[in-house]
Amino acid sequence: MAAVAQCVRGALRPRLPLHPLLSAALRTSPRLLCAATQQKNTGQNLEEDQSQSQNEQKAESSPAEKLLAEEKAKLEEQLKEITDKYKRALADAENVRQRSQKLVEEAKLYGIQSFCKDLLEVADILEKATESVPKEEIKDENPHLKSLYEGLVMTEVQIQKVFKKHGLLRLNPVGAKFDPYEHEALFHTPVEGQEPGTIALVSKIGYKLHGRTLRPALVGVVKDP
C-alpha cells in the first residue's frame, strides 16, 4: 500500500497541467497510475540496458577488428612479395630467351668457322701456286703453262667470291696500324719512310668471319730506328 501511495505521489507531482477528467481518474485509480509509472520506468531501463549492451558489443568487437586488420596487412604484404617474385621471374625468363636467341643466331653465323678454317688452307695453296709461276713465262709460246696459270687465278677468284658470300673476308693490312685483335706480329724492324707501329710486311693473309677475326694476319711491324 505504501508503494502505491508513493507511485501516486510521483505521478501527481506537478509537471504539466492535466485535463480535469484525467486528474480525477488518476485520483480514483491509484493502482493504474502506479502500473503506468512502473511501465515507463521499465521502458527507460530497457533502453539503457540495450545501449549498454551495444557499447559492450562494440568494445568486444574491437579486438576482432584489430585481428582482421592485421591479417589483411599480412595478406597484402604476401601479395606484394609474390607479385615482385613473379615480375622478377618474367624478367629472368625474358633474359634467358634473349640470350638463347643470340646464341642461336651466333651459331648460324659462326657454325661454319671450322669448315672455313680448313678451306683457308686451300686458298693459301692456290695463292702460293699463282705467285710461284714466273710472270715472264706466261706467254702464248707456253700455252699449257698459261692455261694452268689462268685456271689457278680463276679458281682463286671464285673461292674468294664464295668466301665473301658467306661473310669471310681477307685481311691484307699492309700500311695499316697494327691491331693485336686482327694481326699477329712475327718481327719488328725499322723501315725508312714508314711510321713506327705500322705494318710493313704481310707474311700470311688473315681472315674475318662476320666481323670476327677467324685467323689473324701474320705481319712484320715497323719499329723506331
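The model shown is predicted, which means the values in this text are computed figures rather than measured ones. The first residue in the sequence is number 1, and the count goes up from there.
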K.L.:
Considering residues at least two apart in sequence or located in another chain, which fulfil the salt bridge (charged side-chain N to carboxylate O under 4.0 Å, His left out) criterion with E131?
P.N.:
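With neighbours one apart ignored, the set is empty.
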
K.L.:
Could you tell me if the side chain of K66 sits less than 4.5 Å from the side chain of E71, heavy atoms only?
P.N.:
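E71 does not reach K66 side chain to side chain.
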
K.L.:
Does any part of the side chain of R170, heavy atoms only, come nearer than 4.5 Å to the side chain of K164, both counted from C-beta?
P.N.:
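No - every pair of side-chain heavy atoms lies 4.5 Å or more apart.
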
K.L.:
Please step through side-chain contact (heavy atoms from CB on, under 4.5 Å) for the pair H210 and R212, ending with a clear verdict.
P.N.:
CA-CA 6 Å; H210 295 293; R212 178 186 294 180; 5.9 Å; no

K.L.:
Taking NZ, NE, NH1 and NH2 as the nitrogens, is one of them in K87 or D92 under 4.0 Å from a carboxylate oxygen of the other?
P.N.:
no

K.L.:
Shared ILVMFWY cluster between V219 and I205, side chains joined below 4.5 angstrom?
P.N.:
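Both belong to a single hydrophobic cluster.
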
K.L.:
Strictly below 4.0 Å, N to O, side chains only: are E81 and K85 in salt-bridge contact?
P.N.:
yes

K.L.:
Please round to the nearest 0.5 Å and tell me the distance separating atom NZ of K128 and atom CD of E156.
P.N.:
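Answer rounded to 0.5 Å: 12.5 Å.
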
K.L.:
I need the Q101 CD to E105 CD distance, nearest 0.5 Å.
P.N.:
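So the gap between those two atoms works out to 5.0 Å.
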
K.L.:
Does any non-hydrogen side-chain atom of K146 lie less than 4.5 Å from one of D140?
P.N.:
yes

K.L.:
Contact between F163 and L120 at the side-chain level, heavy atoms closer than 4.5 Å - yes or no?
P.N.:
yes

K.L.:
In terms of heavy-atom contacts, does NZ of K74 have more than 12 from other residues, nucleotides or ligands at under 6.0 Å?
P.N.:
no

K.L.:
Can you confirm whether L201 sits close enough to V174 that some side-chain heavy atom of one is under 4.5 Å from a side-chain heavy atom of the other?
P.N.:
no

K.L.:
Grouping I, L, V, M, F, W and Y whenever their side-chain heavy atoms are under 4.5 Å apart, do L148 and I138 come out in a common cluster?
P.N.:
no

K.L.:
When rounded to the nearest 0.5 angstrom, what distance separates CD1 in I125 from OG1 in T130?
P.N.:
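Taking CD1 in I125 and OG1 in T130, the distance rounds to 12.0 Å.
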
K.L.:
Would a hydrophobic clustering, with Ile, Leu, Val, Met, Phe, Trp and Tyr connected at side-chain separations under 4.5 Å, put Y149 with V157?
P.N.:
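Y149 clusters together with V157.
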
K.L.:
Under the side chain to side chain donor-acceptor pair (under 3.5 Å) rule, what pairs show up with a residue in residues 187-200, not counting sequence neighbours?
P.N.:
K177-E195

K.L.:
Between CD of Q160 and OG1 of T155, what distance do you get to the nearest 0.5 Å?
P.N.:
12.0 Å

K.L.:
Taking the side chain as every heavy atom from C-beta outward, state whether V202 and P173 have any pair of such atoms under 4.5 Å apart.
P.N.:
yes

K.L.:
Work out which heavy atom in Y207 is nearest to a heavy atom in A123; give both atom names and the distance.
P.N.:
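For Y207 versus A123, the nearest heavy atoms are OH-CB, 4.0 Å.
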
K.L.:
Mind checking the CZ-NE2 spacing from F115 to H166? Nearest 0.5 Å is all I need.
P.N.:
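The CZ atom of F115 sits 8.5 Å away from the NE2 atom of H166.
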
K.L.:
Go through the side-chain N and O atoms of E94 and Q98 and say whether any donor and acceptor fall under 3.5 Å apart.
P.N.:
yes

K.L.:
Using the rule that Ile, Leu, Val, Met, Phe, Trp and Tyr join whenever any side-chain heavy atoms are under 4.5 Å apart, tell me whether V133 and V153 fall into a single cluster.
P.N.:
yes

K.L.:
Going by heavy atoms in the side chains, are K208 and E182 under 4.5 Å from each other?
P.N.:
yes

K.L.:
Measure the OH-CG distance between Y110 and L103 for me, rounded to the nearest 0.5 Å.
P.N.:
12.5 Å

K.L.:
Taking L109 as the starting point, is it possible to reach L214 by hopping between hydrophobic residues whose side chains are less than 4.5 Å apart?
P.N.:
yes

K.L.:
Can you check whether P190 reaches D224 side chain to side chain, under 4.5 Å on heavy atoms?
P.N.:
no

